[in-house]
Amino acid sequence: HFGRADGLPSDLAYTLLEDVDGAIWVGTADGLALIREDRVRVFDAHGLPDGSIFSLARDGSGNVLVGTMGGPYRLSADGGFVPVSGEFPRVPVTSLREDADGALWVGTTNRGLLRVGPLGVERLRSEGITLNARVAALHIDHEGGLWAGTNTGALRLRDAPFSTYNSLQGMGDDYVRALLQGSDGSIWAGTSHGLNHWDGTHWTSPQSRGDLPSLSLLALHEDADGSLWLGSYVGVHHWVPGEGIRRTYTVADGFMGNQVRAILRDPQGSLWLGTSRGVSRMDPD
């Protein structure tokens with residue numbers, strides 16, 4: 001057992017951290033200590049402010065981080081402690097975690113959640129956490145998401161890896177059957193009700209001659225001139241931007257089936273069509 005009688009600054013220990021050599025860092029109600037091989041060392045004149053140590057953590061380089069009554073500190077090479085950032089307010093720190101990008105997340109007793117990174121000290125503003133909340137615990141999960149335990153509930157923060165687009169964002173239909181990135185970097189989407197185009201900012205449904213807006217599209221291919229081949233249930237359509245459908249090819253023109261689900265242009269210029277009844281090749285002429 002280790003207490004004040006054994007050399008600790010206080011009998012009340014708030015947090016523990018194992019060092020790389022097996023020694024134990026102890027944050028107490030009256031300062032920081034290190035227990036190595038049953039010997040207690042107290043850090044009372046090493047740059048740390050007086051008072052309680054509520055949290056301990058380690059950064060990506062293995063350095064010890066200390067949450068003090070006056071902000072977060074880091075163990076330096078000379079054995080002393082220095083503030084993590086000169087911009088950080090002198091407030092009690094209750095939790096610490098460094099994320100995969102090297103940013104340090106800091107929970108406080110009454111100033112909410114802060115982050116120390118390339119942009120300096122940032123204060124989280126979210127509907128899920130009040131600005132004066134107490135952030136008692138922080139955890140980074142296997143997806144890199146940050147969990148914060150607060151006096152107003154648990155909060156999860158993460159970088160959303162997906163953006164969702166459907167009719168609410170301007171697409172003509174929600175059922176997307178085919179996708180193609182054009183030579184200009186924009187995105188074409190074939191839906192159950194026509195063709196849609198994403199220019200990087202907005203979705204549009206190109207107007208064209210014929211019944212293209214109502215076609216259920218199954219496959220897309222772009223030619224070198226920027227025209228598109230559109231596979232559908234009723235054949236393959238050669239569509240030209242600004243002009244519309246130049247021509248529609250069906251079984252009447254000699255290929256296997258009207259349901260075209262795959263389109264490929266080979267180096268010799270032939271167009272290959274994967275249909276519901278087999279594969280057909282359309283020669284360049």
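- Between the CH2 atom in Trp25 and the CG atom in Leu34 there is a gap of 5.0 Å [rounded to 0.5 Å].
- Side chains of Val135 and Trp105 form no contact here, defined as non-hydrogen atoms less than 4.5 Å apart.
- The line from CZ of Arg97 to OG of Ser55 is 9.0 Å long, rounded to the nearest 0.5 Å.
- A single hydrophobic cluster is not seen to contain both Val26 and Met69; linkage of ILVMFWY side chains at heavy-atom distances under 4.5 Å, directly or through other members, places them apart.
- The hydrophobic clustering, which links ILVMFWY residues whose side-chain heavy atoms are closer than 4.5 Å, places Tyr73 and Val84 apart.
- A 4.5 Å side-chain heavy-atom check between Phe255 and Val260 finds at least one atom pair inside the cut-off.
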Check step by step if side chain to side chain contact (heavy atoms under 4.5 Å, CB included) holds for Phe43 and Val66.
-> CA-CA 12 Å; Phe43 291 80; Val66 183; over 6 Å; no
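- In this pair, Tyr165 and Trp203 present their aromatic rings perpendicular. The plane angle is above 60°, beyond the 30 to 60° band.
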What donor-acceptor contacts under 3.5 angstrom involve side-chain atoms of residues 277-285, with partners at least two apart or in another chain?
from	atom 1	to	atom 2	distance (Å)
Ser280	OG	Met256	N	2.9
Arg281	NE	Asp283	OD1	3.3

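- Formation of a donor-acceptor pair under 3.5 Å by the Asp101 side chain with backbone atoms of Ala103 is not found in this model.
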Give the C-alpha distance, both sets of side-chain angles, the deciding distance and a yes or no for side chain to side chain contact (heavy atoms under 4.5 Å, CB included) between Val64 and Arg58.
-> CA-CA 5 Å; Val64 174; Arg58 198 182 308 281; 3.9 Å; yes
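- Arg36 has its side chain out of reach of Arg41: every pair of non-hydrogen atoms, C-beta onward, lies at least 4.5 Å apart.
- The closest donor-acceptor contact from the side chain of Asp30 to the backbone of Ser10 lies at 3.5 Å or more, if one exists at all.
- Looking at heavy atoms from C-beta onward, Leu230 lies out of side-chain contact with Leu215 at the 4.5 angstrom threshold.
- Under the side-chain contact (heavy atoms from CB on, under 4.5 Å) criterion, Ser167 pairs with Asp174, not counting sequence neighbours.
- By the ring-ring contact (aromatic ring centres under 6.0 Å, His included) test, His197 is found to be paired with Trp188, residues two or more places apart in sequence or in another chain being considered.
- Considering all non-hydrogen atoms of both residues, Val106 and Leu113 come closest at O-CD1, 3.4 Å.
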Could you give me the CA-CA distance, side-chain angles and deciding distance for Leu273 and Ile263, then say whether side chain to side chain contact (heavy atoms under 4.5 Å, CB included) is met?
-> CA-CA 5 Å; Leu273 306 171; Ile263 307 171; 4.1 Å; yes
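- Judged purely by atom type and a 3.5 angstrom limit, Asp19 has no side-chain atom pairing as donor or acceptor with the backbone of Gly22.
- Note: Leu180 CG to Leu220 CG = 5.5 Å, rounded to the nearest 0.5 Å.
- For the pair Asp223 (side chain) and Gly226 (backbone), a donor-acceptor distance under 3.5 Å is absent.
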When you look at Leu32 and Thr68, which way does the side chain to side chain contact (heavy atoms under 4.5 Å, CB included) test go after all the steps?
-> CA-CA 9 Å; Leu32 181 67; Thr68 76; over 6 Å; no
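- Rounded to the nearest 0.5 Å, atoms CD (Glu122) and CZ (Arg115) are 4.0 Å apart.
- For Arg74 against Asn63, the heavy-atom pair with the smallest separation is CG-CB, 4.0 Å.
- Counting only distance, with no hydrogens or angles, the side chain of Thr94 and the backbone of Gly107 share a donor-acceptor pair below 3.5 Å.
- Annotation: side chain of Leu124 is in contact with side chain of Leu157 (closest heavy-atom distance under 4.5 Å).
- Glu222 has its side chain within reach of Leu228: a pair of non-hydrogen atoms, C-beta onward, lies under 4.5 Å apart.
- Side-chain atoms of Leu96 and Leu104, non-hydrogen and from C-beta on, do get closer than 4.5 Å to each other.
- Side chains of Arg123 and Val121 form no contact here, defined as non-hydrogen atoms less than 4.5 Å apart.
- Other residues, nucleotides and ligands place more than 12 heavy atoms under 6.0 Å from the OH atom of Tyr233.
- Rounded to the nearest 0.5 angstrom, Trp198 CH2 and Leu179 CG are separated by 13.0 Å.
- No more than 12 heavy-atom neighbours from other residues, nucleotides or ligands sit within 6.0 angstrom of CG on Asp50.
- The distance from atom CG of Leu12 to atom CZ of Arg4, rounded to the nearest 0.5 Å, is 10.0 Å.
- Using modelled atom types and a 3.5 Å distance limit, the side chains of Ser216 and Arg177 yield a donor-acceptor pair.
- Ser52 places no side-chain N or O within 3.5 Å of a backbone atom of Phe54 that could act as its donor or acceptor partner.
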